[in-house]
Amino acid sequence: MALRDPVDKNLLRMEARRFVNRCEGAISSIERADTLREVARLATSITLPYSLSEDYSARDGVRMIQTRAEDRARELINEQLQAYIRAEENQREKYRRAMVDAWANLTGPLSHLHAWAQSKLVAATQQRR
């Protein structure tokens, strides 16, 4: 594609705007997600097309998706940990197993949060004792 052609430039610009709008839609879906599985799925659902790889707005859209997905995953993990801390003594192990199972969904760009969540669980366990 010749980038000196004004028609091609306009087509790329239009495609970039469409892609950014899709990214904004994915971000709003991530904000409404209530499980880690859904957040992880939405974080990897949109990939940057090669034709837009040099467009800054398109790359920013992907970066914003990943940033918002990470923030939402941290919020959900903190909610799980608060429920674990407030749980009765006999229910705590059940909560712990459910959290660890949910954290198995942290894959792709969110995989680094698994270690973070484990450290938060250790801190919450020590706080509870």
Side-chain angles (χ1 to χ4, degrees):
M1 192 184 294
L3 292 180
R4 298 192 191 283
D5 186 14
V7 173
D8 291 337
K9 282 184 181 179
N10 285 334
L11 283 174
L12 274 176
R13 198 173 317 135
M14 185 176 64
E15 187 178 345
R17 272 186 289 190
R18 261 188 68 232
F19 183 77
V20 170
N21 285 336
R22 283 183 56 214
C23 290
E24 289 172 357
I27 289 170
S28 63
S29 295
I30 288 170
E31 290 172 352
R32 289 188 309 269
D34 58 351
T35 63
L36 289 174
R37 171 177 273 190
E38 187 70 12
V39 171
R41 185 187 67 78
L42 290 168
T44 58
S45 64
I46 295 182
T47 58
L48 182 65
Y50 179 75
S51 60
L52 298 176
S53 62
E54 293 183 7
D55 187 63
Y56 291 114
S57 62
R59 283 193 278 176
D60 283 344
V62 171
R63 184 184 48 79
M64 292 298 293
I65 287 174
Q66 292 174 350
T67 302
R68 186 58 192 130
E70 182 177 337
D71 292 343
R72 183 64 182 145
R74 285 181 193 269
E75 291 170 6
L76 291 172
I77 290 168
N78 283 329
E79 289 174 8
Q80 290 173 341
L81 289 170
Q82 290 302 317
Y84 173 75
I85 290 171
R86 288 189 310 263
E88 298 284 330
E89 189 70 36
N90 57 355
Q91 293 291 316
R92 214 168 289 135
E93 185 60 30
K94 178 182 170 185
Y95 273 97
R96 186 184 163 290
R97 278 195 306 271
M99 286 188 305
V100 170
D101 286 344
W103 296 345
N105 294 308
L106 296 172
T107 58
L110 301 176
S111 61
H112 66 282
L113 291 178
H114 194 272
W116 177 81
Q118 289 288 351
S119 68
K120 290 291 189 179
L121 178 60
V122 169
T125 304
Q126 290 174 351
Q127 175 186 354
R128 195 64 186 152
R129 290 182 184 177

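These values consider heavy atoms only, across backbone and side chains, with no hydrogens, waters or symmetry-generated copies. Since the structure is predicted, the reported quantities are computational estimates derived from the model, not experimental observations.
In plain terms, the two heavy atoms of Gly61 and Cys23 that are nearest each other are C-SG, 3.7 Å. Contact between Leu110 and Ala43 at its shortest, heavy atoms only, is CD1-CB, 4.4 Å. The two atoms that bring Ala58 and Leu48 nearest to each other are CB-CD1, 3.6 Å, heavy atoms only. Contact between Leu42 and Ala33 at its shortest, heavy atoms only, is CD1-CB, 4.4 Å. Scanning both residues, Ile46 and Arg22, for their nearest heavy atoms gives CD1-O, 3.5 Å. Closest non-hydrogen pair, Ala69 versus Ile30, comes out as CA-CG2, 3.7 Å.
To the nearest 0.5 angstrom, Glu93 atom CD is 7.0 Å from Tyr84 atom OH. With values rounded to the nearest 0.5 angstrom, Asp101 atom CG is found 10.5 Å from Arg37 atom CZ. Going from atom OG1 of Thr67 over to atom CZ of Arg72 covers 15.5 Å, rounded to the nearest 0.5 Å. Atom CD in Glu88 sits 9.5 Å away from atom OH in Tyr95 (nearest 0.5 Å). Between the CG atom in Leu113 and the OG atom in Ser119 there is a gap of 10.0 Å [rounded to 0.5 Å]. Rounded to the nearest 0.5 Å, atoms CD1 (Ile85) and CD (Gln82) are 4.5 Å apart.
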Practice prompt. Quick one: do Leu36 and Gln80 satisfy side-chain contact (heavy atoms from CB on, under 4.5 Å)? Show the steps, please.
Written response: CA-CA 11 Å; Leu36 289 174; Gln80 290 173 341; 4.1 Å; yes
Fill in: Glu70/Gln66 under side-chain contact (heavy atoms from CB on, under 4.5 Å): CA gap, chis, key distance, verdict
CA-CA 6 Å; Glu70 182 177 337; Gln66 292 174 350; over 6 Å; no
Worksheet item: Between Leu12 and Asp55, is a side-chain contact (heavy atoms from CB on, under 4.5 Å) present by the stated rule, with each step listed?
Response: CA-CA 9 Å; Leu12 274 176; Asp55 187 63; over 6 Å; no
Worksheet item: How far apart are the C-alpha atoms of Arg68 and Glu75, what are their side-chain angles, what is the distance that settles it, and do they pass the salt bridge (charged side-chain N to carboxylate O under 4.0 Å, His left out) test?
Response: CA-CA 10 Å; Arg68 186 58 192 130; Glu75 291 170 6; 3.5 Å; yes
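Although no hydrogens or angles enter the test, the distance criterion places a donor-acceptor pair under 3.5 Å between the side chain of Arg59 and the main chain of Ser53.
Inter-residue side-chain proximity for Val62 and Phe19 is flagged as met; some heavy-atom pair is nearer than 4.5 Å. Under the 4.5 Å side-chain criterion, counting only non-hydrogen atoms from C-beta, Asn21 is in contact with Glu24. Looking at Leu76 and Thr35, their side chains never come closer than 4.5 Å, going by heavy atoms from C-beta outward. Counting only heavy atoms from C-beta outward, the side chains of Trp116 and Lys120 approach each other to under 4.5 Å. You'll find the side chain of Arg96 stays beyond 4.5 Å of the side chain of Arg92, heavy atoms only. Side-chain contact between Leu11 and Glu15: absent, with no pair of heavy atoms (C-beta onward) separated by less than 4.5 Å.
Looking at Arg13 and Asn10, their side chains do bring a donor and an acceptor atom within 3.5 Å of each other.
Ile65 and Val20 end up in different hydrophobic clusters when Ile, Leu, Val, Met, Phe, Trp and Tyr side chains are linked at under 4.5 Å.
Taking a cutoff of 4.0 Å between a charged side-chain nitrogen and a carboxylate oxygen, Glu38 and Arg41 qualify as a salt bridge. One finds a salt bridge joining Asp60 and Arg63 here, because a Lys/Arg side-chain nitrogen approaches an Asp/Glu carboxylate oxygen to under 4.0 Å.
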